[in-house]
Amino acid sequence: MKEVVLENKKNGMSVLLLVLLLYAVATAGVVFSSIREIYWLMSVCITVLGIGWIPLLGLRVLKPQEALVLTLFGKYIGTLKDNGFYFVNPFCTSVNPASKTRLNQSGDVKHASGGNLDAGVVVSSETLGKRISLKIMTLNNNRQKINDCLGTPVEIGIAVTWRIVDTAKAVFNVDNYKEFLSLQCDSALRNIVRLYPYDVAPNVDTTGDGIADEGSLRGSSEIVAERIRDEIQERVNEAGIEIVEARITYLAYATEIAAAMLQRQQASAIIDARKMIVDGAVGMVEMALERLDENGLVELDEERKAAMVSNLLVVLCGNHDAQPIVNTGSLY
């Protein structure tokens, strides 16, 4: 299906004025013919008054960044895309299969009792216009629980910025372009997340080149978001939709393993901290022994050096402040 943009249709004001003038003339003709008893003229004027409203059905008003897909007896005849006051065939009908579909997105969320805003798609019962918005909109899909490449369940949510670039494809190539976009976002998100670990893991290839890398959902969010955008774009090309941007809005371990992963992160942090403390303590002990030897303040044999090293390490690596003990006896 190829989009056809209707040009030179901004005749709405002219047609409206012509119809109003015709009604005025017909009304005057009825009065004149009734006075002069010209019955054929009266019949013509009454007929004009009875069917003169039909051209008004062809008047269309479009605001900026709106479009109207028109069909005539089931045949696609074109799309109105520019803002203005249009006149088209009065028997044309507007088509927008997604007019009553509500997505959890900017400018398209229904705040009403009974509407589930947490659901991906909510259908409104009220009658909405058939106009198609060409504005850039943001779809905030539900958070999903997905297993990463290591099998760890994570919860992730994305915000997808999109717009319609081909109204004919959006209306006629898919049944409902809003639901189609939402489902393709879910599918693409699952496909990409399964390629990455939550955090950096050894021997994991996230690029598909056969070489292990340090890609992860947490550390490579920009790259992951770009791959998600490309994946969604490839899926929605046939629907005439352009994906402007995709961003990760929420990322966390699933609730059933969050506590265990927190303990793991705490243990890793403690190990790293201890390693830093030990490295610093050993350096301080080495410096103390070297300074004592250089200044010749005291001569220590190997046994005394070992005892001093042990005491210093206990003091420097301990979790609590050391309690000093003063030795008043002889060193030997």
(message) Using only atom types and a distance under 3.5 Å, with no angle test, would you say the side chain of N11 pairs donor to acceptor with the backbone of F87?
(response) no
(request) Report the distance from atom CZ of R194 to atom CG of L150, rounding to the nearest 0.5 Å. (result) 14.5 Å
(message) Test of understanding: clusters of I, L, V, M, F, W, Y form through side-chain heavy atoms closer than 4.5 Å, transitively. Do F91 and L70 belong to the same one?
(response) yes
(message) Between D213 and T206 (side chain of the first, backbone of the second, donor and acceptor by atom type, cut-off under 3.5 Å), is there such a pair?
(response) yes
(request) Rounded to the nearest 0.5 Å, what's the gap from CD1 on I243 to CD1 on I228? Could you check? (result) 12.0 Å
(request) Kindly indicate whether the side chain of V4, heavy atoms from C-beta on, has any atom under 4.5 Å from the side chain of I77. (result) no
(request) Can you establish whether the number of heavy atoms outside D279 located under 6.0 Å from its atom CG is more than 12? (result) yes
(message) Using modelled atom types and a 3.5 Å cut-off, is there a donor and acceptor pairing between side-chain atoms of T47 and backbone atoms of S43?
(response) yes
(request) Report the distance from atom CG of L139 to atom CD1 of I158, rounding to the nearest 0.5 Å. (result) 7.5 Å
(request) With sequence neighbours excluded, tell me which residues meet salt bridge (charged side-chain N to carboxylate O under 4.0 Å, His left out) with K145. (result) E256
(message) Membership question, hydrophobic clusters at under 4.5 Å side-chain separation (ILVMFWY): are V44 and Y23 in the same one?
(response) no
(request) Kindly compute the distance separating OG (S133) from CG (N96), expressed to the nearest 0.5 Å. (result) 10.0 Å
(message) Can you pull out every salt bridge (Lys or Arg N to Asp or Glu O under 4.0 Å) where at least one residue sits in residues 6-21? Sequence neighbours excluded, please.
(response) K10-D82
(request) Measure the spacing between NZ of K63 and CG of N83 and express it to the nearest 0.5 Å. (result) 11.0 Å
(request) Tell me, please, which residues at least two apart from D166 pass side chain to side chain contact (heavy atoms under 4.5 Å, CB included). (result) E3, A168, K169
(request) Search all heavy atoms of V48 against all heavy atoms of A26 and return the closest pair with its distance. (result) CG1-CB, 3.9 Å
(message) Could you work out, with ring-ring contact (aromatic ring centres under 6.0 Å, His included) as the rule, every residue matching Y76, not counting sequence neighbours?
(response) F172
(request) Please name the pair of heavy atoms, one in P90 and one in L57, separated by the smallest distance, quoted to 0.1 Å. (result) O-CB, 3.9 Å
(request) Go through the structure and list residues passing side chain to side chain contact (heavy atoms under 4.5 Å, CB included) with V30, not counting sequence neighbours. (result) C45, I46, L49
(message) Taking K81's backbone N and O only, do any of them form a donor-acceptor pair with T79's side chain (distance below 3.5 Å, no angle check)?
(response) no
(message) To the closest 0.5 Å, what do you measure between CD (E214) and OG (S216)?
(response) 9.0 Å
(message) Give me each pair satisfying side-chain hydrogen bond (donor to acceptor under 3.5 Å, both in side chains) with a member in residues 235-252, each pair once, sequence neighbours excluded.
(response) R163-E242, Q184-R235, S187-R235, E222-R247, E231-R235, Q233-N237, E245-R247
(request) Please indicate whether I223 has more than 12 foreign heavy atoms, meaning atoms of other residues, nucleotides or ligands, lying under 6.0 Å from its CD1. (result) no
(message) Strictly distance-based, threshold 3.5 Å: is any side-chain N or O of Y177 a donor or acceptor partner for the main-chain N or O of P97?
(response) no
